[in-house]
Amino acid sequence: MLRGAGVLLHITSLPGGCYVGDLGPEAYKFAEFLAEAEQTYWQTLPINHSVPEYENSPYSAVSSFAGDPKLISLDLMKREGLIDQVPDCPTAERADYAAAWEVKKKALEKALRRGKKLSDYKNFAESTPWLEDYAYYMAMRDLYGPWPKWPRKEPPGELVELYKFAQFVFWRQWRELKQYVNSLGIFLIGDLPIYPSLDSADVWRHRRYFKITEDGAPLYVAGVPPDYFSPTGQLWGNPVYNWDALRADGYRWWLDRLRHALSVFDYVRLDHFRGYAAYWEVPAGEKTAVRGRWVPAPGAELLEKARAELGELRLIAEDLGYITPDVVELRDRFGLPGMRVLQFAWDGNPANEHKPHNHVKNSVVYTGTHDNNMAVGWYQEEATPRARREFREYAKCASGEGVNWCFIRLAHMSVADVAIVPMQDVLGLGSEARMNKPGTMGGNWRWRLAKMPDAAVLRRLRKLTRTYGR
């Protein structure tokens, strides 16, 4: 990856829009802010269709391929001639996904009458291989809940058509935004969760690829053992892969998933990369992730297939957590940049790989990720007195200087090719602006940017970017 700097901000966190950030005018303005600040990268979280049952977590989507229709811009729909006027829809301080979908679903229902006549829509519907399964799944889910609790009935064709049309609108808006972002010299970095949700069109259609019974009951579920984030580990609940079945089919579904992600983004972060070497599986029914086991995974074989079929692997390895030599070997074998997180550096150990003097060029350094507290929140609420002293001494962080800017300076001066900073850290916000707290339910994924950063913030970020050759 080119040496550069970037900002982590999910689409839902953009200001404006209808109850939630979207692909409309504010997304274009944010891209312009990044360009003026001379940033090279914009990183988002997964943009797949999230649902309220899982707090609208982008990591528990109902499809690995479908975009989230709640991110559709009503302003752009009007500009495209799909609706005559934008419904009354206030801006919410925190993302309100249910309200956003209620308004946008009605707008899409009206627009569908016009959309059916568009040749572009017909071409999209005929040439998108995953669309039929996804639209059928969502229509049945709307009527009867998640599979397999479905009666032997077919959903109304109009409801299936609505979900197809929503994807047409979403992907047209996304492609136009990506084209604009790229025209400004900015690369988009996306995120690919390692597992789809049990409640998804992926698992419903391809259940043989997962360790589940024919009627959808998991035999084992995914998670991680006790770690920095949780003393009892994290029990994600996703079904784990039946890698033998995937191998027998030449990893076709996985290759399609990677191909799609690499067409949507310029670079893709492989979430939970250690799971490609070995994964933690927990017997279904366990209340925590403690009683799991490590199981080898054929990540090398999969990535070899991907390289042979897809060419250059524009991937980033999220190599955090319990990392063993086989994970490092897998990452380095394919030349993938790994991750370094500055919040993890202050343990008194000079050999800690997250300390800037131990960084390597082929890596991406973060002040923190979407799973961390913000830099200010970490410093004020989580760091030990010793960690605070070590950080201040190492960063030469004067008492009057903002902790967030000390973190950003360390990231930018790193030898790592790429430095990414959450927008909340650019603004110096505290724990109230946290995006997610792993292992918890309630209040996650809802933070939003109140307004575009002011000129002073832009100039300061640009100055650091120039100073350290990014």
Side-chain angles (χ1 to χ4, degrees), residues 10-12 14 16-32 42 44-50 58 61-87 89 97 100-101 103-135 138-139 158-184 186-190 201 256-257 259-266 268:
H10 192 37
I11 303 298
T12 61
L14 287 162
C18 175
Y19 291 109
V20 68
D22 62 29
L23 303 176
E26 295 297 321
Y28 288 76
K29 290 179 185 176
F30 185 71
E32 291 162 1
W42 177 2
T44 78
L45 304 183
I47 57 172
N48 304 102
H49 190 161
S50 65
V62 289
S63 171
S64 294
F65 298 87
D68 197 333
K70 296 184 288 296
L71 306 186
I72 288 171
S73 165
L74 296 171
D75 292 299
L76 294 187
M77 284 183 68
K78 182 177 184 296
R79 192 179 302 172
E80 294 160 350
L82 293 173
I83 54 177
D84 292 325
Q85 59 184 20
V86 176
C89 196
Y97 297 97
W101 179 232
V103 175
K104 294 182 184 185
K105 185 176 182 181
K106 291 177 181 176
L108 287 164
E109 287 169 343
K110 292 180 181 178
L112 178 57
R113 302 187 190 103
R114 300 178 187 180
K116 282 182 177 179
K117 302 173 184 177
L118 296 174
S119 59
D120 285 353
Y121 170 52
K122 294 176 183 176
N123 292 336
F124 173 82
E126 292 171 1
S127 63
T128 305
W130 50 265
L131 187 63
E132 194 71 42
D133 284 343
Y134 158 76
M138 289 308 301
E158 197 71 9
L159 188 54
V160 174
E161 195 75 29
L162 175 68
Y163 278 107
K164 289 182 180 180
F165 181 67
Q167 288 305 300
F168 166 71
V169 176
F170 176 93
W171 287 114
R172 184 161 72 170
Q173 291 188 1
W174 176 265
R175 301 290 179 190
E176 290 176 357
L177 175 62
K178 182 178 185 298
Q179 186 176 29
Y180 185 72
V181 171
N182 289 163
S183 76
L184 298 175
I186 297 166
F187 297 108
L188 278 166
I189 302 175
D256 289 343
R257 195 172 184 236
R259 180 184 293 105
H260 175 73
L262 288 167
S263 72
V264 170
F265 297 102
D266 299 299
V268 174

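Given the structure is predicted, the values throughout are model-derived calculations rather than measurements.
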Donor-acceptor pairs are to be reported for all side-chain atoms of residues 21-28 against protein atoms at under 3.5 Å, with residues two or more places apart or in another chain.
from, atom 1, to, atom 2, distance (Å)
Asp22, OD1, Gly24, N, 2.8
Glu26, OE2, Lys29, NZ, 3.2
Tyr28, OH, Leu177, N, 3.4

Open item on the list: Minimum heavy-atom separation for Ile186 and Ala31, please, with both atom names.
Closed with: CD1-O, 3.4 Å
TODO: Compare all side-chain heavy atoms of Glu109 with those of Glu158 and state whether any distance is below 4.5 angstrom.
DONE: no
Open item on the list: Using side-chain heavy atoms (C-beta onward) and a distance below 4.5 Å, is Thr12 in contact with Tyr97?
Closed with: yes
- [ ] Could you grab the distance from atom SG of Cys18 to atom CD1 of Ile72, nearest 0.5 Å is fine?
- [x] 11.5 Å
TODO: Check side chain to side chain contact (heavy atoms under 4.5 Å, CB included) between Lys110 and all other residues, then give those that pass, not counting sequence neighbours.
DONE: Arg113
- [ ] Could I get the full list of salt bridge (charged side-chain N to carboxylate O under 4.0 Å, His left out) partners for Arg172, not counting sequence neighbours?
- [x] Glu80
Task: NZ/NE/NH1/NH2 to OD/OE distance under 4.0 Å, Asp68 and Lys104 - done: no
Open item on the list: Testing the basics here: between Ser127 and Pro129, what is the closest heavy-atom pair and its distance to 0.1 Å?
Closed with: O-CD, 3.3 Å
- [ ] For the pair Phe65 and Gln167, evaluate side-chain contact (heavy atoms from CB on, under 4.5 Å) and give the outcome as yes or no after the intermediate values.
- [x] CA-CA 10 Å; Phe65 298 87; Gln167 288 305 300; over 6 Å; no
Task: His10 side-chain N/O to Leu45 backbone N/O, donor-acceptor pair under 3.5 Å - done: yes
- [ ] Determine, for Asp256 against Arg259, whether the closest basic-nitrogen to carboxylate-oxygen distance falls under 4.0 angstrom.
- [x] yes
Open item on the list: Can you classify the ring geometry of Tyr134 versus Tyr163 as parallel (below 30°), tilted (30 to 60°) or perpendicular (above 60°)?
Closed with: perpendicular
- [ ] Indicate yes or no: at least one non-hydrogen side-chain atom of Lys164 is less than 4.5 angstrom from one of Tyr121.
- [x] yes
TODO: Would you mind reporting whether Trp101 and Leu108 have side-chain heavy atoms less than 4.5 Å apart?
DONE: yes
Task: Shortest non-hydrogen contact from Asn48 toward Ser63 - done: CB-O, 3.3 Å
TODO: Please confirm whether Phe265 and Trp42 have ring centers closer than 6.0 angstrom.
DONE: no
Open item on the list: Tell me whether the rings of Phe170 and Trp174 are parallel (<30°), tilted (30 to 60°) or perpendicular (>60°).
Closed with: parallel
TODO: Sequence neighbours left out, what passes side chain to side chain contact (heavy atoms under 4.5 Å, CB included) with Ala201? Give chain and number order.
DONE: Tyr137
Task: Nearest heavy atoms of Ser263 and Arg175, plus distance in Å - done: O-NH1, 2.9 Å
Task: Distance, nearest 0.5 Å, that separates OG of Ser183 from NZ of Lys178 - done: 11.0 Å
Task: Side-chain heavy-atom pair Tyr180, Glu32 within 4.5 angstrom cut-off - done: yes
Task: Approximate separation, where rounding is to 0.5 Å, of Ile47 CD1 and Ile11 CD1 - done: 7.0 Å
Task: Closest non-hydrogen atom pair, Val62 against Met138 - done: CG2-SD, 3.5 Å
Task: Any side-chain heavy-atom pair of Leu76 and Val169 under 4.5 Å - done: no
TODO: Check whether any side-chain heavy atom of Thr128 lies under 4.5 Å from a side-chain heavy atom of Trp171, and answer yes or no.
DONE: no
Open item on the list: According to side chain to side chain contact (heavy atoms under 4.5 Å, CB included), who are the partners of Ala100, at least two apart in sequence or on a separate chain?
Closed with: Tyr19, Val20
Task: Considering all heavy atoms, the nearest Pro87-Leu74 contact - done: CD-CD1, 3.9 Å
TODO: Check the pair Lys70 / Ser50 against side-chain contact (heavy atoms from CB on, under 4.5 Å), numbers first and verdict last.
DONE: CA-CA 9 Å; Lys70 296 184 288 296; Ser50 65; 3.5 Å; yes
Task: Residues forming a salt bridge (charged side-chain N to carboxylate O under 4.0 Å, His left out) with Lys105, sequence neighbours excluded - done: Asp142
Open item on the list: Quick check for you: to the nearest 0.5 Å, what is the distance between Ser73 atom OG and Glu176 atom CD?
Closed with: 10.5 Å
